[in-house]
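Everything numeric in this text was worked out from a predicted model, so none of it was measured. So you know, we letter chains A, B, ... as the sequences are listed, proteins then strands, and number each from 1.
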Amino acid sequence: MSKPSLPQGTRDFNAETVRKRNYIFNTIRSVFEVYGFQPLETPAMENLDTLMGKYGDEGDKLIFKILNNGLDNEAKKQQAKDDFDKILSGKNTKGITERALRYDLTIPFARYVAMNHGQLTFPFKRYQIQPVWRADRPQRGRYREFYQCDCDVVGSYSLLNEVELANIYATAFEKLGVDVEIKINSRKILAALAELCGGADKMIDITIAIDKLDKIGIEKVKDELVQRGLNESQIDMIEKYLSINGSNDEKLIALKNLVGDNATAKKGIDEIEYLLNYSLPTPNSRLSIDFTLARGLNYYTGIIFEVKAKGVQMGSIGGGGRYDDLTSTFDVPNIPGVGISFGVDRIYDVMEELNLFPETVQTATQVLFFNLGDAESKAAFGLMQQLRAKNVRCEMYHEQTKFDKQFKYADKKQIPYAVIIGTKELEEGNCNLKNLKESTQQTLTNGQLLDFTF
RNA sequence: GAGGGCGUAGCUCAGUAGGUUAGAGCGACAGUUUGUGGCACUGUAGGUCGUGGGUUCGAGACCCAUCGUUCUCCCCA
């Protein structure tokens, strides 16, 4: 037997952590529900060809593939060897692997919509909170198994959906007590910039470079644009674009001056103005235009979102945006959508760092019943069950032993109350209730104990 | 995919220029004469020094490999 260990990049969660994580999940889930979104769960594994080719070349490498069963079947040995040779030359084959662990929640959702679009009522609003797996190299804040928390609306072009999603962000983070800035931009504006700087085909090059701005600075971004084949006047324009600042209104004015004649840009500006026209329900969060926001994923086509926590050094804790055609890859065209995602693991880290978890999240045992003999513990057990029926969290020490050990057990589990029923109390039909933090004790009748407010 | 750091007791770590029986703190367990804990004191258990080779009279220490872990870059949540 070797020492037990965990697969790389996975974690156990102890009771305290599970409770805190559930607090985050439940908070977000309740907001989704209030906004009329319905839950969806999909299998941990998908057919490999559902996933392959959807995340780019890099993404394909990071998909966890599942080995087929029955490869040791003697009768099919030669076939298995031939198939394995294909694997070695870099091709996937159903003979060796035909299933894989899901890599995100968006593609399984698209698969679901494509399979069921005849039955669904559009716009279809779903949320999904499940783990995903990536064969990435683990590092700080990055794991091979982690949760995603998505909500999307498909089958509607209405910008009202964007308004609702912005409100979901604001409401959820307000409930969690996390002070955030919700940044918005439009891919149409970025597309217009590309049109004006070397053509629409440069859009991906430009967005990738811009996306790195806050990380590497303007000079390095310019270097990268040079490498990607842009000329001096084009880079000059991008620099002007990136240096726009001020309030939302001031930014819009500056942008209109820069690219306002362009039809695509105008559409993007209209979208942003529409969104800003609705105010958020909460004082501690606000929408702010960030024209440098690009987001890496190429399928976004309209408004894009990104959420940053204020007061901590941490990457984005949420993101999303509009995409024109979610399901055409599964031969079901013309289903547009817009969605957002919460980065639960990072939200957890932010809340831990800022000490934002409420005390009440930790709902451990409230009362320990001492075990002081057969007859005594039997009487205690009866009382304990009555308290439990009133939703008081109780446990009884597992065996009769001296006081010292039972007190120490309560200490270690940070149980605030002890109920002590010894021979004397048993005879008199009462009990001692001790407050272990304050070291005070009172004698109660059994009836008084059952009515006590813990 | 590229490049660093670190693997010694359950946990956090010491272990000097290679030299007998590998240490501390915390934790665990037991006790300080069995109806009131947290403190204190005493004692006990627990390590193939990640693994496998190599150098040496001698390796926890040096070299190589391997595994694990962690960080940076790429990419992402």
Side-chain N or O of A/K412 closer than 4.0 Å to phosphate OP1/OP2 of B/G38: no
Give a yes or no on whether a donor-acceptor pair under 3.5 Å exists between the nucleobase atoms of B/U36, that is its base, and the side chain of A/Q406. no
Who passes ring-ring contact (aromatic ring centres under 6.0 Å, His included) against A/F381, sequence neighbours left out? none
Salt bridge (Lys or Arg N to Asp or Glu O under 4.0 Å) pairs touching residues 402-420 of chain A, sequence neighbours excluded, are A/E395-A/K413, A/D404-A/K408
Write down the distance separating the P atoms in B/A59 and B/A22, rounded off to the nearest Å. 14 Å
Has A/F403 got its ring stacked on the base of B/G37, with centres under 5.5 Å and planes less than 30° apart? no
Would you classify A/T401 as touching base, sugar-phosphate or nothing, given that sugar-phosphate means primed atoms plus P, OP1 and OP2, and contacts are heavy atoms under 4.0 Å? nothing
Between A/L368 (CG) and B/U36 (P), how many Å, whole number? 17 Å
Expressed in whole Å, how much space separates the C1' atoms belonging to B/U12 and B/A28? 16 Å
Please classify the nucleic acid contact of A/L436 as base, sugar-phosphate, or nothing, using heavy-atom distances under 4.0 Å. base
Separation between the P atoms of B/G35 and B/G31, rounded to whole Å: 14 Å
Listed in order of residue number, which residues of residues 104-112 of chain A have a non-hydrogen atom at under 4.0 Å from RNA chain B? none
Considering residues, nucleotides and ligands other than A/F84, do more than 12 of their heavy atoms fall under 6.0 Å from its CZ? no
Can you pull every protein N or O that's under 3.5 Å from an N or O on nucleotides 1-8 of chain B?
{"unit_1": "B/G3", "atom_1": "O6", "unit_2": "A/R137", "atom_2": "NH2", "d": "3.2"}

Under 4.0 Å between any heavy atoms, over every strand shown, what does A/L62 touch: base, sugar-phosphate, or nothing? Just pick one. nothing
Near RNA chain B, under 4.0 Å by heavy atom, which residues of residues 16-35 of chain A? none
Here's one to test your reading of the geometry: is the NZ or CZ of A/R322 within 45 degrees of the ring axis of A/Y300 and under 6.0 Å from its centre? no
Going from CG on A/N371 to NZ on A/K378, what distance comes out if it is rounded to the nearest 0.5 angstrom? 13.5 Å
Which pairs, with at least one residue in residues 33-54 of chain A and sequence neighbours excluded, count as a ring-ring contact (aromatic ring centres under 6.0 Å, His included)? none
What distance, rounded to whole Å, do you find between the two C1' atoms, one in B/G27 and one in B/U44? 14 Å
Neighbour count above 12 (heavy atom, 6.0 Å) for A/Q448 CD: yes
Identified stems (criterion: three or more consecutive Watson-Crick or G-U pairs, under 3.5 Å), RNA chain B: B:1-7 with B:67-73, B:10-13 with B:23-26, B:28-32 with B:40-44, B:50-54 with B:62-66
Residues two or more places apart in sequence or in another chain: which of them pass salt bridge (Lys or Arg N to Asp or Glu O under 4.0 Å) with A/D49? A/K94
To the nearest Å, how far apart are A/N432 CG and B/U36 C1'? 9 Å
Looking only at heavy atoms, which two atoms of A/I335 and A/G155 are closest? And how far apart? CG2-N, 3.9 Å
Could you tell me how far B/G4 sits from B/G38 if I compare only their C1' atoms? Round to whole Å. 46 Å
Considering residues, nucleotides and ligands other than A/M45, do more than 12 of their heavy atoms fall under 6.0 Å from its CE? no
Please tabulate, one pair per line, each protein N/O and nucleotide N/O from nucleotides 30-33 of chain B that are separated by under 3.5 Å, including the distance.
{"unit_1": "B/A30", "atom_1": "OP1", "unit_2": "A/K405", "atom_2": "NZ", "d": "2.5"}
{"unit_1": "B/A30", "atom_1": "OP2", "unit_2": "A/K405", "atom_2": "NZ", "d": "3.3"}

Name the residue closer to the 5' end of RNA chain B, choosing between A/E438 and A/Y143 according to the nucleotide with the nearest heavy atom. A/E438
By the 4.0 Å heavy-atom rule, please label A/S439 as base, sugar-phosphate, or nothing. base
When you check the gap from the basic side-chain N to the acidic O, do A/K65 and A/E98 get nearer than 4.0 Å? no
Base, sugar-phosphate or nothing for A/E306? Non-hydrogen atoms, less than 4.0 Å. nothing
For B/U55 versus B/G43, give the span between their P atoms, rounded off to a whole number of Å. 45 Å
Using whole Å, what does the distance between atom P of nucleotide B/A77 and atom CD of A/Q128 come to? 16 Å
For A/R111, which residues count as a salt bridge (Lys or Arg N to Asp or Glu O under 4.0 Å) partner, sequence neighbours excluded? A/E46
Cation over ring face, A/R144 and A/F64, 6.0 Å, 45°: no
Quote, to the nearest angstrom, the C1' distance that separates B/C75 from B/A2. 13 Å
In chain order, what residues pass the ring-ring contact (aromatic ring centres under 6.0 Å, His included) check against A/Y397, with sequence neighbours excluded? A/Y409
Within a radius of less than 6.0 Å around CG of A/D374, do more than 12 heavy atoms belonging to other residues, nucleotides or ligands occur? no
RNA chain B: A/R134 or A/L6, which has the more 5' nearest nucleotide? A/L6
Looking at every strand, decide which applies to A/G343 at a 4.0 Å heavy-atom threshold: base, sugar-phosphate, or nothing. nothing
Using OP1 and OP2 only, check whether a side-chain N or O of A/Q8 sits under 4.0 Å from B/U69. yes
With hydrogens left out and only the distance checked, is there a donor-acceptor pair under 3.5 Å joining A/E425's side chain and the base of B/G35? yes
Please identify each residue that fulfils salt bridge (Lys or Arg N to Asp or Glu O under 4.0 Å) with A/E239, with sequence neighbours left out. A/K222
Using atom P of each nucleotide, how far apart are B/G68 and B/U51 to the nearest Å? 15 Å
A/Y23-A/F25 aromatic ring centre distance below 6.0 Å: no
Side-chain atoms of A/D411 come closest, of B/C76, B/U36, B/G37, to B/G37
Spell out, as yes or no, whether a donor-acceptor pair under 3.5 Å connects the side chain of A/N248 to the backbone of A/I289. yes
What about A/F32 and A/F342, are their ring centers closer than 6.0 Å? yes
Indicate, with a heavy-atom threshold strictly under 4.0 Å, whether A/F342 touches base, sugar-phosphate, or nothing. nothing
